[in-house]
Protein chains: 2
Amino acid sequence: MTAQRRVVAEVLDGEHVHLTADEVHARAAAKLPEISRATVYNTLGELVSLGEVLEVATDRRAKRYDPNAHRPHHHLVCAGCGSIRDVHPAGNPLADLPDSERFGFTVSDVEVTYRGLCPNCAAKA
Amino acid sequence: MTAQRRVVAEVLDGEHVHLTADEVHARAAAKLPEISRATVYNTLGELVSLGEVLEVATDRRAKRYDPNAHRPHHHLVCAGCGSIRDVHPAGNPLADLPDSERFGFTVSDVEVTYRGLCPNCAAKA
DNA sequence: ACTTGACTTGGATTGAGTCCAACGTAGGAT
DNA sequence: ATCCTACGTTGGACTCAATCCAAGTCAAGT
């Protein structure tokens, strides 16, 4: 556990929003000016493989990092600004996929992504 | 309707798989050698806004284009090779998102993405 | 034939992320 | 205390997918 890793972990822990890698880097650099982008990516990658943080790739903009990895949830994404909210829909979509629709795949996970406009972007449109 | 656009449309129509823009370009170039990447992107973009084709961005690899835009469906993605199958799960996830979980968003769409390994990649792992 | 406007081209550019060789530093062995 | 080694970090180069843009081409209308 180095200073750099601690700072990255703190940034994610403090924020309850979904930051991009660049935003994490900017906030980390505020506390530890000479931290490099590569280190932020390395550390985020480790946090993801440790299961502490989720990677959310909703389109081909920057990935976002979700510190709320322990409570299962899905995402509501604004098509305008890319911001993300956690949501907890009813139902279990994994159970809704019959064997006949699995084509021999080993299905391990399901992501539900709701798309729409946040109040802010809806007002602008 | 130019020759270039026809070729791109034909490629998508003929294939019932989910091609990347590069694959579309390669197949189009087989029929019309000097077609440029930019034109393929332009044409795919138009087909998407016409609603003839769906864009599927599952991660930060290349987007894939889904010619099956008229029958609603979801996707099963192989984490190994990125290939995609269409699936038709039961249930209606839009109805599963209560108003209290919408945070003022105008929710217009939902995507369900199942992740796993295709038989091929599972055998290799 | 000339003009207009749409389409295409391909090379440059962008954005996000990854790679890699060189550097620093902390801990353990001598 | 000194050296060695391994790991972490750095920052610049690179990749890949996609987009932008200025210049070229073509067809249709007048």
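Below, chain A is the first sequence line, B the second, and so on; all start at residue 1.
- Neither side chain, A:H74 nor A:D86, offers a donor N or O lying under 3.5 Å from an acceptor on the other.
- In this structure, B:M1 atom CE and C:dC7 atom P are separated by 11 Å, rounded to whole Å.
- Residue B:R61 contributes atom CZ, which lies 16 Å from atom C1' of C:dA16 at whole-angstrom precision.
- Of the residues near DNA chain C, A:D22 and A:N42, the one whose nearest nucleotide (by heavy atom distance) lies more toward the 5' end is A:D22.
- The CD-C1' distance, from B:E46 to C:dT8, rounds to 12 Å in whole Å.
- The residue among B:I35 and B:R60 whose nearest nucleotide of DNA chain C lies closer to the 5′ end is B:I35.
- Taking only side-chain nitrogens and oxygens, B:Y41 comes nearer than 4.0 Å to OP1 or OP2 of D:dA18.
- Listed for the A:Y114 side chain is a donor-acceptor partner under 3.5 Å among the backbone atoms of B:P93.
- A:L44 has its CG atom 15 Å from the P atom of C:dA16, to the nearest Å.
- Hydrophobic clustering (side-chain heavy atoms under 4.5 Å, transitive across Ile, Leu, Val, Met, Phe, Trp, Tyr) groups A:V48 together with A:V40.
- The residue B:R5 sits close only to the backbone: its heavy atoms come under 4.0 Å of sugar-phosphate atoms, none of a base.
- In this structure, a donor-acceptor pair under 3.5 Å is absent between the side chains of B:N68 and B:H18.
- Rounded to an integer number of Å, the gap from CG of A:D59 to C1' of D:dA18 is 13 Å.
- In this entry the distance linking NE2 of B:H25 with C1' of D:dC16 reads 16 Å, nearest Å.
- The nearest whole Å value for the distance from the CD atom in B:E34 to the P atom in D:dC26 is 13 Å.
- Within 4.0 Å of A:A62, counting heavy atoms only, lie sugar-phosphate atoms of the nucleic acid but no base atom.
- We find that OH of A:Y65 is positioned 12 Å from P of C:dA16, with the value rounded to whole Å.
- For A:S36 and D:dG11, the shortest distance from a side-chain N or O to OP1 or OP2 is not below 4.0 Å.
- Comparing D:dT19, C:dC19, D:dT9 by their nearest atom to the side chain of A:T2 picks out D:dT9.
- The aromatic rings of A:H88 and A:H73 sit tilted relative to each other, their planes meeting at an angle between 30° and 60°.
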